[in-house]
*Asks:* 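One structure coming up, written as structure tokens, with questions to follow.
As the structure lists them, so they are numbered: ligands from 1, and atoms in each ligand from 1.
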Amino acid sequence: MILTSNLGFPRIGQHRELKTLLESYWKKEISAAKLNESTAALREKHWRQQKNAGISHIPSNDFSLYDHVLDCAFMAGVIPERYQQENLLDTYFAMARGHQKVTAMEMTKWFDTNYHYIVPELNAKTQFKLTSLKIITEFCEAKALGIMTRPVLLGPVSFLLLSKLRDNSNRWSLLPSLLEVYKEVLLKLENAGAEWVQIDEPFLVCDIDNFAKEAFKKTYSELSKTSSLKLLLATYFGSIKGNLEFIASLPINGLHVDLVRTPNQLDAIQTKLPKDMWISLGVIDGRNIWVTHLEKTLATLQDIIKSRGDKIMLAPSCSLLHVPVDLNLEKNLDKELLGWLSFANQKLDELSLLANALNGKKDTPAFEKNSAAVKLRSTSEKIHNKAVSQAISAVIPKMLKREKPFKERAIAQKSKFKLPLLPTTTIGSYPQTKEVREARAKFKKGEISVAQYEKFLEEKTLEVMHWQDEMGIDVPVHGEFERNDMVEYFGEQLDGFAFTEYGWVQSYGSRCVKPPIIYGDVSRPKAMTVRWSAYAQKQTTKPVKGMLTGPVTILQWSFVRDDQPRSLTCQQIALAIREEVSDLEKAGIRIIQIDEPALREGLPLKKSEWQEYLNWAVNAFLLSSCCVSNETQIHTHMCYSDFNDIIEQIAALDADVISIETSRSAMELLDVFAEFKYPNDIGPGIYDIHSPRVPTQVEIEALLEKALNVLSPSQLWVNPDCGLKTRSWEEVKPALMSMIAAAHSIRKKLESNINVVMA
Ligand code: GLN
Ligand code: ZN
């Protein structure tokens with residue numbers, strides 16, 4: 001009998017119930033007891049949904065009040081002193097979100113997803129101690145409802161690899177004491193009546209060194225001896241082929257593998273894995289929202305079923321945390337498109353259909369319906385646009401290159417713009433105040449007309465243009481008041497994109513995103529931003545910077561079609577952006593910024609695959625930007641990550657100017673410029689817009705001086721480290737005033753030095 005299993009269910013709730021509950025608790029509108037009672041109801045609902053869908057192994061402890069890595073740290077008592085509160089729940093939230101004067105713990109991306117986890121802080125003296133029994137209480141909670149679950153636990157090796165060693169000590173020396181906590185947990189789960197436990201070790205798909213391999217061996221040899229619980233080791237987001245030898249020798253009872261990302265690992269796994277080990281086959285895409293081709297999937301399973309039919313589970317490729325909950329809520333999507341989509345609940349149904357078919361109870365009408373939808377999708381005119389494929393085949397290398405090299409462009413641009421040394425600019429958005437958000441909401445609800453809405457936006461743009469002129473900002477921006485989100489705004493105007501009403505996915509804690517769906521060939525029916533940039537340009541004699549989101553970022557923050565390579569979809573988006581760049585230039589916008597904050601996060605997990613990705617990602621940026629004359633200045637902007645290891649590819653983007661986030665790390669990034677001579681202009685962000693703190697002129701001057709140690713005065717720009725839309729005007733005004741005053745003061749010093757040299 002083939003079983004079905006799920007690795008994790010979205011926690012947030014179909015209407016983001018968890019978000020509402022958390023935020024009410026944080027605002028002290030509900031008590032801890034109420035929070036627990038309401039989240040228990042949410043867990044119960046999700047367990048029942050999975051049970052009704054016929055899932056044999058239903059997960060528990062996949063729920064979290066904030067993040068599962070933080071849960072794991074909490075379980076093992078890894079709680080930094082500075083977060084201690086009166087009770088554990090508030091300590092937990094203090095770690096996640098900070099309190100009074102203590103900032104939150106560091107947060108970073110979970111592998112190559114858009115989910116963020118809290119980075120545990122360890123040091124040589126860390127003492128692990130079983131502190132939270134959440135995993136046991138949740139198991140018991142489900143059991144009391146009559147639902148047998150498989151508790152999920154982040155594996156100790158991955159936990160250590162995800163942690164930061166504050167004192168740079170050796171993480172593996174902590175393994176033995178961490179294992180003691182895991183053993184205690186396993187024993188308690190066994191006593192509570194659990195049969196299986198799922199231990200997630202996603203690092204098994206990454207490049208790992210021998211120390212990590214040894215840690216895996218030690219861990220599973222000890223954990224397997226601890227109790228009679230069956231251990232299912234879960235891997236996802238890639239292939240384990242490179243680590244298969246030693247994984248096959250681990251004393252575990254089952255192994256989960258991701259066959260959506262890397263179907264070609266199945267043969268190797270099938271031959272190497274001991275016959276008595278369960279295999280959980282991740283055949284339903286847990287990272288994307290497309291319907292599974294059931295017949296095709298069934299066919300790929302025939303061999304393995306024949307050779308080891310009695311120890312197989314079918315599962316999503318990874319936890320369903322990364323997809324929205326329920327497609328049935330979507331009432332406004334195109335009917336045809338609807339038939340091609342599958343969210344968490346639908347994916348569970350797909351699993352059951354597959355398992356039932358393998359167990360001799362094939363639901364033929366459902367399979368036929370599925371085949372028809374898949375066929376329709378592959379031939380639909382909604383997807384295929386001849387003009388787009390023609391434009392793609394007309395792309396030639398020349399289109400990926402500016403006419404002249406940067407040095408010559410810089411001369412042309414200097415004489416065109418006559419900018420001072422250390423020119424000042426901002427990253428694009430100005431505060432999205434309550435007023436702006438309310439106007440947009442009214443417009444969306446039809447309470448105000450297009451004309452009224454646009455008039456309002458013009459007023460806002462006009463105000464900010466005047467203000468920037470008064471302040472003496474050298475390269476002003478229009479403020480992005482018309483944009484809700486930097487990807488959604490473009491997606492809504494491009495063909496090939498669709499938007500859901502309830503397609504929420506957790507980004508971190510209570511924060512969710514609603515990624516657009518790229519279902520078809522992407523094209524641009526008409527200009528998207530020219531109206532606003534041109535309006536802004538009319539208000540000033542300074543060169544206004546036009547503002548676009550780059551192709552890689554649009555791709556990265558969407559659900560992307562899976563019927564063609566991502567690189568091709570990216571190229572299509574790049575062509576659409578390229579048309580916009582040309583139109584901006586024609587409209588007299590001669591400085592254009594193309595934001596690529598997500599360039600770094602698209603990097604594959606395995607280093608051997610980096611180059612291929614970087615090639616097409618860099619080419620997409622070049623394709624979108626290299627259509628302008630030498631005099632037109634292309635900017636790009638990046639944030640959220642550490643760029644040191646891809647600095648050469650960043651230089652290869654050949655943007656005339658790049659602005660880059662650095663201020664939080666006090667310009668740590670500049671170290672890399674000491675070694676790598678970045679050839680073009682650069683604006684290292686000189687104040688942290690993520691914090692409400694207003695920087696002083698003195699502070700900014702010091703940072704600029706620091707930057708001038710490694711960059712030449714002629715290449716340095718002065719700007720904040722990201723867009724200002726999340727800040728208030730009370731913060732933005734004084735901060736930019738300090739920034740401008742600092743730029744003026746350093747500029748004066750530089751100019752008098754130059755005069756001295758000239759005299
Ligand atoms: N231009 C965008 C803004 O200013 C850039 C946002 C980002 O980098 N995340 O808001
Ligand atoms: Zn940014």
Side-chain angles (χ1 to χ4, degrees), residues 107-109 114 116 424-433 436-437 440 457 460-461 464-465 468 473 475-491 507-508 511 513 515 528-529 532-533 536 544-558 577 580-581 584 589 591-602 621 624-625 633-643 650 653 655 657-665 667 669 682-691 717-729 731-732 735-736 739:
M107 191 167 67
T108 193
K109 292 210 179 232
N114 223 339
H116 301 70
T424 51
T425 189
T426 65
I427 304 306
S429 57
Y430 277 105
Q432 291 256 333
T433 54
V436 174
R437 281 180 279 126
R440 183 173 312 121
L457 293 174
K460 291 289 122 193
T461 310
V464 81
M465 292 312 297
Q468 291 174 103
I473 291 205
V475 176
V477 294
H478 77 281
E480 299 182 25
F481 299 111
E482 75 287 7
R483 301 185 192 177
N484 34 4
D485 168 273
M486 64 185 293
V487 169
E488 195 173 357
Y489 182 73
F490 290 92
S507 172
Y508 61 87
R511 264 286 264 280
V513 292
M528 303 181 281
T529 65
W532 297 109
S533 295
V544 168
K545 180 163 68 168
M547 204 55 60
L548 304 174
T549 302
V552 184
T553 299
I554 293 180
L555 183 88
Q556 203 57 38
W557 292 350
S558 301
I577 299 295
E580 186 72 11
V581 169
L584 281 171
I589 305 301
I591 301 187
I592 300 164
Q593 177 173 307
I594 306 174
D595 292 325
E596 282 293 21
L599 186 89
R600 172 85 176 53
E601 72 184 53
F621 183 87
S624 68
S625 61
Q633 190 170 68
I634 297 289
H635 289 222
T636 188
H637 165 71
M638 284 174 202
C639 47
Y640 301 130
S641 36
D642 173 358
F643 295 97
I650 290 177
L653 299 176
V657 186
I658 179 172
S659 64
I660 198 158
E661 178 182 298
T662 49
S663 52
R664 251 187 294 187
S665 51
M667 297 222 158
L669 179 105
I682 178 161
I686 40 75
Y687 87 82
D688 178 8
I689 67 96
H690 306 89
S691 140
W717 283 64
V718 181
N719 47 258
D721 72 346
C722 197
L724 299 163
K725 73 169 175 217
T726 56
R727 298 264 66 95
S728 71
W729 276 112
E731 294 150 355
V732 166
L736 288 182
M739 182 188 94

*Asks:* With only distance considered, is I427 within less than 3.5 Å of ligand 1 through an N or O on each side?
*Replies:*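 Yes; at least one N/O pair falls below 3.5 Å.
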
*Asks:* Give the atoms of ligand 1, by number and element, whose distance to some non-hydrogen atom of C722 is under 4.0 Å.
*Replies:*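 Matching atoms, with element in brackets: 7 (C), 8 (O), 9 (N).
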
*Asks:* Apply side chain to side chain contact (heavy atoms under 4.5 Å, CB included) to residues L724 and L736 and explain how you reach the verdict.
*Replies:* CA-CA 10 Å; L724 299 163; L736 288 182; 4.0 Å; yes

*Asks:* Can you classify the ring geometry of Y508 versus H116 as parallel (below 30°), tilted (30 to 60°) or perpendicular (above 60°)?
*Replies:*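 Ring orientation of Y508 relative to H116: perpendicular.
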
*Asks:* Angle at the Zn ion (ligand 2) between SG of C722 and SG of C639, to 10°?
*Replies:*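 My answer is 120°, to the nearest 10°.
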
*Asks:* Below 4.0 Å, non-hydrogen atoms only: which portion of M486 touches ligand 1? Side chain, backbone, both or neither.
*Replies:*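 Answer for M486: side chain.
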
*Asks:* Is it true that E480 and Y489 share a donor-acceptor pair across their side chains at a distance under 3.5 Å?
*Replies:*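 Looking only at side-chain atoms, E480 and Y489 do not form any donor-acceptor pair under 3.5 Å.
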
*Asks:* Looking only at distances, can you tell me whether any N or O atom of H637, backbone or side chain, sits closer than 3.5 Å to an N or O atom of ligand 1?
*Replies:*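 Yes: some nitrogen or oxygen of H637 is under 3.5 Å from one in ligand 1.
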
*Asks:* Which atoms of ligand 1 have any heavy atom of G428 under 4.0 Å away?
*Replies:*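 Going through ligand 1 atom by atom, the ones under 4.0 Å from G428 are 4 (O).
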
*Asks:* Short list, please: which atoms of ligand 1 are under 4.0 Å from a heavy atom of C639?
*Replies:*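 In order of numbering, the contacting atoms are 7 (C), 8 (O), 9 (N).
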
*Asks:* Counting each atom of ligand 1 from 1 as listed, which ones have a heavy atom of G723 under 4.0 Å away?
*Replies:*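 It comes down to these atoms of ligand 1: 3 (C), 4 (O), 10 (O).
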
*Asks:* Any nitrogen or oxygen of K725, main chain or side chain, under 3.5 Å from a nitrogen or oxygen of ligand 1?
*Replies:*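 It does not: no N or O of K725 is found under 3.5 Å from an N or O of ligand 1.
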
*Asks:* L653 vs M638, test: side chain to side chain contact (heavy atoms under 4.5 Å, CB included). Steps then yes/no.
*Replies:* CA-CA 12 Å; L653 299 176; M638 284 174 202; 3.3 Å; yes

*Asks:* Tell me the nearest of D595, D721, T726 to atom 2 (C) of ligand 1, using heavy-atom distances.
*Replies:*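 Considering heavy atoms of D595, D721, T726, the nearest to atom 2 (C) of ligand 1 sits in D595.
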
*Asks:* Does ligand 1 come near enough to E480 that some N or O of the ligand is less than 3.5 Å from an N or O of the residue?
*Replies:*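 There is such a contact, yes.
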
*Asks:* Looking only at the side chains, is there a donor atom on one of S659 and H637 sitting less than 3.5 Å from an acceptor on the other?
*Replies:*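 A donor-acceptor contact under 3.5 Å links the two side chains.
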
*Asks:* Any idea which heavy atoms bring I577 and L548 closest together, and the distance?
*Replies:*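 Here I577 and L548 meet closest at CG2-CD1, 4.0 Å.
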
*Asks:* If the test is side-chain contact (heavy atoms from CB on, under 4.5 Å), which one of I686, T426, D688 qualifies with P720?
*Replies:*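 That would be T426; it is the only one of I686, T426, D688 passing the side-chain contact (heavy atoms from CB on, under 4.5 Å) with P720.
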
*Asks:* For the pair W557 and V513, evaluate side chain to side chain contact (heavy atoms under 4.5 Å, CB included) and give the outcome as yes or no after the intermediate values.
*Replies:* CA-CA 9 Å; W557 292 350; V513 292; over 6 Å; no

